[in-house]
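First up is the structure itself, then whatever we jot down about it.
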Amino acid sequence: MTRMTQNLLGGPPPTELPDNVEAREALDAGTDPVEVAARHPEYPGAWAALADRAFTAGSVIESYAYARTGYHRALDQLRRAGWKGHGPVPWEHEANRGFLRALHALGRAAAAIGEDHEAERCRTFLRDSSPTAADVLNHG
């Protein structure tokens, strides 16, 4: 279990998603994200990997769709974990990274298709959820 960080500003506590070890390890081992998403459709990391692959291949609409799927699957999980629509979702907790990567991918694809309002909303949401994730994903 990851150590929870005390929030000194009085806001909501950090939300930590449960880990899907099997899905995470499959992706880490190089299993095709299509296969991981088919076996673990609830795992946002697989959808984020599909979004990244599609974007790199120039398939922006497919990237947008994959990212949106991962984003919404993760929102459901965040709510079940006690998230109330705002507050930190730390990058440092590895199980949160699928959500954060999907959110980043959604914003990137939205920007690429000229959906500026959605792109800005995603950038703000990412930075508000995890400044570390915003830095890593925007510069990594």
Apply the hydrophobic cluster definition, ILVMFWY joined by side-chain contacts under 4.5 Å directly or through others, and give me every member besides V21.
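Direct or chained contacts put V21 with none.
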Nearest 0.5 Å, please: how far is [atom2] in [Y] from [atom1] in [X]?
{"X": "L75", "Y": "R80", "atom1": "CG", "atom2": "CZ", "answer": "10.5 Å"}
{"X": "L106", "Y": "Y66", "atom1": "CG", "atom2": "OH", "answer": "15.0 Å"}
{"X": "S130", "Y": "H104", "atom1": "OG", "atom2": "NE2", "answer": "12.0 Å"}
{"X": "E16", "Y": "W83", "atom1": "CD", "atom2": "CH2", "answer": "15.5 Å"}
{"X": "R127", "Y": "L103", "atom1": "CZ", "atom2": "CG", "answer": "12.0 Å"}
{"X": "R53", "Y": "D32", "atom1": "CZ", "atom2": "CG", "answer": "4.5 Å"}

Kindly indicate whether the side chain of [X], heavy atoms from C-beta on, has any atom under 4.5 Å from the side chain of [Y].
{"X": "D19", "Y": "R24", "result": "yes"}
{"X": "R79", "Y": "D76", "result": "yes"}
{"X": "H86", "Y": "D128", "result": "no"}
{"X": "Y64", "Y": "E115", "result": "yes"}
{"X": "R108", "Y": "S63", "result": "yes"}
{"X": "D135", "Y": "W91", "result": "no"}
{"X": "T132", "Y": "P90", "result": "no"}

Please check if the side chain of D52 supplies one atom and the backbone of A105 the other of a donor-acceptor pair under 3.5 Å.
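Pair absent, no side-chain N/O of D52 close to backbone of A105.
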Heavy-atom closest contact (A119 atom, A110 atom, distance):
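Between these two residues, the closest heavy atoms are N-CB, 3.8 Å.
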How close do A67 and A51 get, heavy atom to heavy atom, and via which atoms?
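Answer, listing the atom of A67 first, then A51: N-CB, 3.7 Å.
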Going only through I, L, V, M, F, W and Y residues with side-chain contacts under 4.5 Å, is there a path from [X] to [Y]?
{"X": "L50", "Y": "L137", "value": "no"}
{"X": "L126", "Y": "I113", "value": "yes"}
{"X": "V136", "Y": "L17", "value": "yes"}

Kindly determine whether Y71 and C122 satisfy side-chain contact (heavy atoms from CB on, under 4.5 Å), including the steps that lead there.
CA-CA 10 Å; Y71 168 74; C122 290; 6.0 Å; no
List the atom pairs, donor and acceptor, that lie under 3.5 Å between side-chain atoms in residues 36-49 and the rest of the protein, sequence neighbours left out.
| from | atom 1 | to | atom 2 | distance (Å) |
| --- | --- | --- | --- | --- |
| R39 | NH2 | E35 | OE2 | 2.6 |
| E42 | OE2 | N20 | ND2 | 2.9 |
| W47 | NE1 | P41 | O | 2.8 |

Presence of salt bridge, R121 and E118, under 4.0 angstrom:
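Salt bridge present between E118 and R121.
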Looking at residues at least two apart in the chain, or sitting in another chain, which of them share a salt bridge (Lys or Arg N to Asp or Glu O under 4.0 Å) with E25?
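E25: no salt bridge (Lys or Arg N to Asp or Glu O under 4.0 Å) contacts found.
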